[in-house]
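My structure is below; once you've seen it, I'll send some questions.
Indexing begins at 1, ligand by ligand and atom by atom, following the structure's order. Heavy atoms only: backbone and side chains are in, while hydrogens, waters and symmetry mates are out.
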Amino acid sequence: MSASTITRLVIVGGGTAGWMAAAFLSSLFPARQLTLTVVESAEIGIVGVGEATIPPIQVFNKAVGIDEAEFLRATEGTYKLGIEFVDWLRPGHRYMHPFGQPGQPINGASFHAWWLRLKAEGYPHPLSDFWLSEVLARKNRFDFPSSDPRTPKSTLSYAYHFDAGLYGQFLRRIAESRGVRRIEATVGAVALDGTDGTVSHLDLTDGRRVEGDFFIDCTGFRGLLIGDALGREYEDWSHYLPANRAVAVPSERVAPPVPYTTATARTAGWQWRINLRHRTGNGYVYVDDLISDDEAAGTLLANLDGAPLADPRFLRFTTGRRRQARHKNVLAVGLSSGFLEPLESTSIHFIQHALMKFAATFPLAKDDPVSTGIYNRIMAEELEQVRDFLIFHYHANDRVGEPLWDRVRTMPIPDSLAEKMALFRARGFAIFPNQTLFQEPNWLAVLLGQGVEPRGYDPLTDVAPLQEVRSGFDAMRRTIQQVAEGCRPHEAFLGDASATPLRGRA
Ligand SMILES: Cc1cc2nc3c(=O)[nH]c(=O)nc-3n(C[C@H](O)[C@H](O)[C@H](O)COP(=O)(O)OP(=O)(O)OC[C@H]3O[C@@H](n4cnc5c(N)ncnc54)[C@H](O)[C@@H]3O)c2cc1C
């Protein structure tokens with residue numbers, strides 16, 4: 001790191017964001033260079049949901065030096081190969097957004113472009129037959145990606161489901177073992193420096209004072225530093241993403257855990273089901289002017305596959321983002337910086353992304369407007385991309401006659417999303433500008449899954465004789481089925497973590 005005057009960093013909040021920040025930064029910066037303090041309030045508590053992740057979390061865990069088997073044991077974790085969307089297009093319809101990709105590009109054209117050409121000629125097999133992550137998920141099997149591009153296993157990618165509370169504790173142990181100091185107390189006031197408006201210290205309600213050079217606001221939806229103290233506004237996106245309430249309940253797991261999340265559309269929102277080792281996590285995310293809390297809880301409880309293990313817990317949120325998540329000597333990470341909604345499991349990813357970009361643009365002084373400006377632009381762009389992706393899930397529906405679904409189908413959408421849909425519909429093209437997190441395969445799965453039928457395909461695929469392409473695809477389909485049959489059940493990877501095979505891992 002270049003010379004910085006920041007040597008005392010204070011993290012306010014001990015939820016997933018706070019402990020991810022502490023574990024990550026203590027891995028990057030030795031304690032002699034940067035002292036880290038976490039202030040967390042037992043009185044206020046944490047959100048405590050957030051059980052599904054996406055593949056980049058592996059990069060985060062590696063950066064922190066986490067052993068995968070130990071982490072999965074400690075967090076009751078399972079593997080995740082994608083998300084199944086049930087009833088989103090219309091009741092009775094289902095599709096999967098699998099991780100990884102359906103196949104490698106062939107002669108310069110995307111794999112799916114060749115499939116679209118075959119489909120235009122009447123080829124009957126769906127793209128999902130060529131997507132090994134989905135084939136495995138549907139068979140409740142699992143395997144690790146291979147680094148050998150000749151095997152379909154090279155197209156695999158995976159993430160995890162875990163108990164968010166246990167993940168926080170796991171990270172806390174790591175952070176504390178690396179010298180992070182923890183203070184259990186409630187911050188009563190945030191004091192600003194009268195000359196430059198930076199945060200100078202925190203006044204705790206027990207009378208203590210915590211000073212620092214830089215502060216990370218991980219106080220959840222409240223945004224105690226970034227919002228209350230520094231007045232950075234929250235931009236409300238609920239006109240695009242209208243869900244504002246959730247009810248969550250754990251239930252007994254009654255069957256072997258499946259390696260995917262299920263998101264089922266409901267009258268006023270959608271319901272998640274996430275299999276962990278020790279229980280199933282469930283929740284109903286809804287729009288509160290369309291259904292009462294009692295009705296929402298009733299729907300959730302009526303749609304569990306095992307007995308509830310606790311009383312339903314309600315949460316309130318506003319989808320949107322903090323216009324400037326970094327300002328002066330404060331960085332907002334986690335819910336204090338914004339919340340899109342949990343549909344594509346992106347919140348924990350945004351914590352990771354924020355921390356990595358913060359480390360890469362680490363402030364050289366308390367107030368460092370250059371790195372702050374760049375950081376805010378990078379985060380804004382990424383959030384807008386993901387916002388469009390989420391809006392699309394709601395918008396492209398055929399659930400005619402249902403108030404929520406009619407509302408989101410007919411609402412004005414961002415131009416950036418309208419362009420993507422038009423391009424895909426005309427040409428089957430899904431490579432869009434500024435694609436960082438969700439890329440061609442992700443958009444492809446959801447565009448096709450939500451019923452957008454491309455009228456054309458990449459003309460590059462016309463250069464090969466149709467029969468040749470067809471027999472190549474038939475052979476590939478057989479190989480994928482055989483490879484999937486040879487993979488072990490998902491559960492076999494969980495029982496004894498020491499039995500986790502390391503061979504063939506990327
Ligand atoms: C319904 C729902 C479902 C979700 N599902 C997913 C999912 O599947 N995947 C995913 O990636 N994300 C999901 N999320 C998001 C995820 O829960 C959060 O991103 C994650 O938990 C981070 O929360 P946090 O640490 O920012 O906030 P919190 O958990 O709210 O933590 C805030 C911390 O700040 C402390 N604090 C607050 N005020 C003070 C004060 N005055 N003094 C001292 N300490 C204070 C609290 O004590 C607490 O420790 C979901 C969120 C919701 C609402």
Taking heavy atoms and a distance under 4.0 Å, where does Ala248 meet ligand 1: side chain, backbone, both or neither? neither
Assess the pair Phe170 and Phe162: is the distance between their ring centroids shorter than 6.0 Å? no
State if Ile351 counts as touching ligand 1 under the rule of any non-hydrogen atom under 4.0 Å. yes
Does the separation of the ring centres of Trp270 and Tyr286 fall below 6.0 angstrom? no
Is there a heavy atom in Gly45 that sits closer than 4.0 Å to ligand 1? yes
For Val285, state whether at least one heavy atom is located under 4.0 Å from any atom of ligand 1. no
Quick look: Phe339 vs ligand 1, heavy-atom contacts under 4.0 Å, and the answer is side chain
If we only consider heavy atoms of Thr53, is any one of them less than 4.0 Å away from an atom in ligand 1? no
Between Thr198 and Phe215, is any pair of side-chain heavy atoms under 4.5 Å apart? no
I'd like to know whether the aromatic ring centres of His490 and Tyr158 sit less than 6.0 Å apart in this structure. no
Would you kindly specify which portion of Ala164 sits under 4.0 Å from ligand 1, judged on non-hydrogen atoms: side chain, backbone, both or neither? neither
Taking Lys366 first and then Asp213, would you say they form a salt bridge - that is, a charged N and a carboxylate O separated by under 4.0 Å? no
Give the residue, atom name and distance (to 0.1 Å) of the protein heavy atom nearest atom 6 (C) of ligand 1. Gly50 CA, 3.1 Å
What about Trp443 and Phe438, are their ring centers closer than 6.0 Å? no
When you measure from atom 41 (N) of ligand 1 to every protein heavy atom, which one gives the shortest distance, and what is it? Val187 O, 3.2 Å
Fit a plane to each ring of Tyr95 and Phe85, take the angle between them on a 0 to 90° scale, and name the class: parallel (under 30°), tilted (30 to 60°) or perpendicular (over 60°). parallel
Is Trp272 in contact with ligand 1, taking contact as a heavy-atom separation below 4.0 Å? yes
Can you list the ligand 1 atoms lying under 4.0 Å from a non-hydrogen atom of Glu51? 7 (C), 8 (O)
Ion pair Glu381/Arg377, N-O distance below 4.0 Å: no
Answer yes if the ring centres of Phe214 and Phe358 are under 6.0 angstrom apart, and no otherwise. yes
Centres of the Phe144 and Tyr79 rings: under 6.0 Å? yes
Of the backbone atoms (N, CA, C, O) and the side-chain heavy atoms from C-beta on, which set of Glu43 has a member under 4.0 Å from an atom of ligand 1: side chain, backbone, both, or neither? neither
Heavy atom under 4.0 Å from ligand 1: found in Ser41's side chain, backbone, both, or neither? both
Presence of salt bridge, Arg279 and Asp163, under 4.0 angstrom: yes
Proximal atoms of ligand 1 relative to Gly334 (non-hydrogen, under 4.0 Å): 26 (O)
Ligand 1 atoms in contact with Ala185 (distance to a heavy atom under 4.0 Å): 43 (C)
Contact atoms of ligand 1, heavy-atom distance to Ala52 under 4.0 Å: 7 (C), 8 (O), 9 (N), 10 (C), 11 (O)
Atom 4 (C) of ligand 1 [closest protein heavy-atom partner, distance rounded to 0.1 Å]: Pro342 CB, 3.5 Å
